[in-house]
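A short worksheet on the structure shown next.
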Amino acid sequence: MENRCEVCNQKDENSQCCKTKIREEKEYKDLMNRLSRIEGQVRGIKKMVENDAYCPDILIQVSAINSALNSFNKILLENHIKTCVTENIKNGDSEVVEELVHILQKLMK
């Protein structure tokens, strides 16, 4: 049986490969509310497909989900830069800049 990280579910020998972050309550609630709305939108699209909805109507809803996910990413990225990245740079850890560049490259695919 392979070990998986408890945080990201990736394969990991130590079963804890990810860094973690304790979020302030306001940030946590905002992110969770956004994810809950996105989850509801996805369930709505699933129901549309089950009910044989017209393709363009489904595509419009998918576009709305993509927009909501992009908005979620912008907020999460902003928080990450203002907290994690800034703190790590102040502590002399410049590797966080390379990590940020890598993340931005993935987001811009």
Side-chain angles (χ1 to χ4, degrees):
M1 182 177 188
E2 64 186 26
N3 289 328
R4 294 211 168 252
C5 174
E6 295 171 15
V7 177
C8 70
N9 201 34
Q10 296 289 326
K11 290 182 188 176
D12 180 48
E13 308 246 337
N14 304 323
S15 73
Q16 185 67 21
C17 66
C18 293
K19 298 176 186 177
T20 59
K21 179 187 182 204
I22 305 299
R23 291 178 172 76
E24 292 182 13
E25 188 175 346
K26 183 183 180 318
E27 177 187 1
Y28 176 81
K29 283 183 178 181
D30 181 45
L31 292 173
M32 293 305 288
N33 285 338
R34 287 174 180 275
L35 288 173
S36 292
R37 282 194 299 264
I38 292 166
E39 184 179 34
Q41 288 175 296
V42 171
R43 281 194 307 271
I45 290 175
K46 183 177 179 186
K47 187 169 268 188
M48 289 175 79
V49 172
E50 290 171 347
N51 293 330
D52 299 322
Y54 190 51
C55 297
D57 295 337
I58 296 170
L59 291 168
I60 289 169
Q61 293 306 310
V62 170
S63 177
I65 291 172
N66 284 332
S67 179
L69 285 169
N70 284 334
S71 180
F72 177 87
N73 277 346
K74 287 177 194 174
I75 290 168
L76 189 59
L77 183 59
E78 178 183 356
N79 290 339
H80 177 62
I81 292 169
K82 287 180 176 178
T83 58
C84 302
V85 173
T86 302
E87 187 176 311
N88 284 331
I89 289 172
K90 284 180 183 177
N91 292 333
D93 179 6
S94 60
E95 281 186 31
V96 71
V97 175
E98 284 303 314
E99 179 186 60
L100 180 60
V101 168
H102 183 70
I103 290 167
L104 289 171
Q105 288 172 341
K106 282 189 168 198
L107 289 174
M108 292 181 180
K109 279 187 176 182

_When you group the ILVMFWY residues by side-chain heavy-atom contacts below 4.5 Å and let the links chain together, are Val42 and Val49 in the same group?_
yes
*asked:* Under the criterion side-chain contact (heavy atoms from CB on, under 4.5 Å), I'd like the reasoning laid out for Glu39 against Arg43: C-alpha separation, chi angles, the key distance, then a yes or no.
replied: CA-CA 6 Å; Glu39 184 179 34; Arg43 281 194 307 271; 3.1 Å; yes
*ILVMFWY network linking Leu35 to Leu76, side-chain heavy atoms under 4.5 angstrom*: yes
*Measuring from Ile45:CD1 to Lys47:NZ, what's the distance to the nearest 0.5 Å?*
13.5 Å
*Return yes when atom CD of Glu25 has more than 12 non-hydrogen atoms of other residues, nucleotides or ligands closer than 6.0 Å, and no otherwise.*
no
*asked:* Are the side chains of Val62 and Ile58 in contact, using a 4.5 Å heavy-atom criterion?
replied: yes
*Taking only residues two or more places apart in sequence or in another chain, which ones pass salt bridge (Lys or Arg N to Asp or Glu O under 4.0 Å) with Glu27?*
Lys21, Arg23
*Is the closest side-chain heavy-atom distance between Asn70 and Leu107 below 4.5 Å?*
no
*Check whether any side-chain heavy atom of His80 sits under 4.5 Å from a side-chain heavy atom of Glu99, and report yes or no.*
yes
*Inspect the contact between Lys74 and Glu78 and indicate whether a charged nitrogen and a carboxylate oxygen are less than 4.0 angstrom apart.*
no
*Look at the side chain of Asn91 and the backbone N and O of Asp93, then say whether any donor-acceptor pair between them is shorter than 3.5 Å.*
no
*With the 4.5 Å side-chain cut-off for hydrophobic clustering, are Leu69 and Ile60 part of the same group?*
no
*Backbone N/O of Met32 and side chain of Ser36: donor-acceptor pair under 3.5 Å*: yes
*Give a yes or no on whether the backbone of Asn79 and the side-chain of Thr83 come within a donor-acceptor separation of less than 3.5 Å.*
yes
*Under 3.5 Å, is there a donor-acceptor pair between the side chain of Asp57 and the main chain of Ala53?*
no
*Inter-residue atom distance Leu104.CG - Lys109.NZ, 0.5 Å rounding*: 13.0 Å
_Full working for salt bridge (charged side-chain N to carboxylate O under 4.0 Å, His left out) between Arg34 and Asp30_ = CA-CA 6 Å; Arg34 287 174 180 275; Asp30 181 45; 3.5 Å; yes
*Please tell me if the side chains of His102 and Lys106 come closer than 4.5 Å, counting only heavy atoms from C-beta onward.*
yes
_Test of understanding: clusters of I, L, V, M, F, W, Y form through side-chain heavy atoms closer than 4.5 Å, transitively. Do Phe72 and Ile75 belong to the same one?_
yes
*Is a side-chain donor or acceptor of Thr86 paired with a backbone partner of Ile81 at a separation under 3.5 angstrom?*
yes
_Taking Leu31 as the starting point, is it possible to reach Leu77 by hopping between hydrophobic residues whose side chains are less than 4.5 Å apart?_
no
